[in-house]
There are 2 protein chains.
Amino acid sequence: MSEARPISLRERQKEDRRARITAAARRLFVEAGLEKITIEAIAEIAGVSSVTVYNYYGTKSGVLLALVAESDRELLGTLARDLIGKPQEVVDLVLRFFEIICRHALDHLDKAVWRQVISASVSGTEPRFGKSYHELDNRLANVLIREVERLKAIGKVPATSDATHLGWALFNLQNARFVEFIASDDVHPNQILRHLRNDLEALMPRPAPRD
Amino acid sequence: MSEARPISLRERQKEDRRARITAAARRLFVEAGLEKITIEAIAEIAGVSSVTVYNYYGTKSGVLLALVAESDRELLGTLARDLIGKPQEVVDLVLRFFEIICRHALDHLDKAVWRQVISASVSGTEPRFGKSYHELDNRLANVLIREVERLKAIGKVPATSDATHLGWALFNLQNARFVEFIASDDVHPNQILRHLRNDLEALMPRPAPRD
DNA sequence: CTAAAACTTTTAGTCTACAAAAAATTTTGC
DNA sequence: GCAAAATTTTTTGTAGACTAAAAGTTTTAG
């Protein structure tokens with residue numbers, strides 16, 4: 001077969017093991033929730049020793065972080081495809097942004113698992129975790145900020161508002177609602193979407209439209 | 001001595017132990033951070049057995065929750081004293097609210113400990129924790145909402161904005177910044193206060209004042 | 001083909017949260 | 001005072017995260 005690549009067998013095996021570990025972890029986490037799952041169990045399903053899992057990911061949270069990072073790349077792609085350039089109003093922009101993120105989150109992991117993600121991102125126990133998660137937040141916020149800039153250019157945002165500041169404020173706002181969404185299994189996406197719409201309309205009362 | 005109270009000796013002893021446990025926990029948590037401290041250590045300093053700590057508070061997070069609940073009551077009092085009725089502008093209201101909360105937080109616990117609090121409140125591992133913390137949030141948000149209502153009554157809030165929705169949005173906004181404040185030991189209160197001011201001014205550009 | 005390098009696995013062990021039950025102590029109602 | 005009730009402590013034990021080091025295996029360079 002055509003393998004004249006500079007990728008050694010060793011590297012490929014490592015990739016393979018990594019993939020097997022994250023796949024096993026995703027499956028088990030979603031099936032039973034992070035705390036119910038032991039590293040041993042992940043290792044067994046992945047077909048490696050538990051020590052290998054530790055060598056690769058350091059801690060259980062480390063494995064979780066890898067899952068989040070994976071789903072991340074995809075989310076940015078989805079946003080580029082389904083959001084960028086489309087909305088023509090600020091409220092609409094934030095609502096769509098939020099909707100895409102919620103849908104994406106549930107597609108990839110469980111609410112119970114996301115709770116652990118958010119929890120770990122702020123706990124400070126795993127400094128690497130917090131840092132990585134924060135970087136994701138930055139990338140997401142930047143998507144929103146650039147869209148706000150676009151809307152400002154076409155006059156949909158008051159000239160007196162700084163686009164970056166507004167972008168961050170809107171990001172934080174929707175993020176608060178995202179956490180609320182994740183926090184309870186009983187909250188329905190539409191319900192929370194309404195909350196967010198209420199937030200936005202209370203903060204930015206739309207000027208009376210003229211026919 | 002004048003003790004014709006219905007309070008039995010037993011109850012008082014229990015109160016005493018409780019107080020000793022929370023005091024020991026506060027001291028140790030602030031000294032070394034939640035994860036470094038074992039229940040044994042708390043029990044030893046409090047002069048009880050570790051099993052008693054479990055009987056009283058269930059888990060280590062349970063002890064933490066008790067600390068938060070304590071500081072809570074005080075915070076509501078402080079808000080009533082130093083905030084309610086004072087600010088005459090929305091931006092000012094939120095900024096003061098935020099400042100009081102930040103100061104109060106640092107007066108009582110460490111950033112590292114607050115990280116654990118926030119982390120536990122969302123992790124879902126200790127359902128009681130999440131619920132209690134959420135109730136505090138509600139009480140705090142209500143303070144803000146009532147102040148927004150007051151400002152609306154004197155025309156400082158557009159009549160088209162719903163006071164409850166606006167209050168919640170503002171609360172969520174400042175809470176996001178609070179989490180950011182807590183998340184890193186390097187963030188200075190004034191720095192984060194500036195961020196929050198930027199948020200507010202971008203969202204609610206003040207109408208040109210007339211002389 | 002072989003020796004060295006690079007990994008992984010095995011093994012053995014530490015630490016801490018948390019549980020359950022037996023034992024000891026203390027308070028209280030009388 | 002004393003028996004009963006309540007509660008704490010002691011004891012014993014489990015489980016799982018995480019670590020260090022020895023042993024074994026596989027890849028790779030020459």
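Numbers restart at 1 for each chain; the letters A, B, ... are given by sequence-line order, proteins then strands.
No donor-acceptor distance shorter than 3.5 angstrom exists from the side chain of A:S50 to the backbone of A:E40, with no hydrogens or angles considered. Between the side chain of A:K152 and the backbone N or O of A:S161, at least one donor-acceptor pair lies under 3.5 Å. A donor-acceptor contact shorter than 3.5 Å is absent between the side chain of A:E89 and the backbone of A:K156. A side-chain donor-acceptor contact under 3.5 Å links B:T78 to the backbone of B:E74.
Residue B:Y57 is out of contact with every strand shown, counting any heavy-atom pair closer than 4.0 Å.
Atom NZ of A:K14 is separated from atom P of D:dT28 by 12 Å (rounded to the nearest Å). For the pair A:E11 CD and D:dT26 C1', the interatomic distance rounds to 15 Å; values are reported in whole Å. Per the geometry, CG belonging to B:N55 stands 10 Å off C1' belonging to D:dT9, to the nearest Å.
Both tests hold for B:K111 against B:F181: distance to the six-membered ring centre under 6.0 Å, angle to the ring axis within 45°.
For DNA chain C, the span of nucleotides reached by chain B at under 4.0 Å from its heavy atoms goes, 5' to 3', from C:dT16 to C:dT28.
Aromatic ring pairs are classed by plane angle as parallel below 30°, tilted from 30° to 60° and perpendicular above 60°; the pair B:W168 and B:F171 is perpendicular.
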- prompt: When every nucleotide of nucleotides 17-22 of chain D is labelled 5' to 3' by its protein contacts under 4.0 Å (heavy atoms), B for base, S for sugar-phosphate only, - for none, what sequence of letters results?
  reply: SBBB--
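Applying the 4.0 Å criterion to OP1 and OP2 of D:dT26, one finds that A:Q13 has every side-chain N and O outside that range.
Judged by distance alone, the side chains of A:S123 and B:Q116 never bring a donor and an acceptor atom under 3.5 Å apart. Residues A:R18 and A:Y56 bring no donor and acceptor atom of their side chains to less than 3.5 Å of each other.
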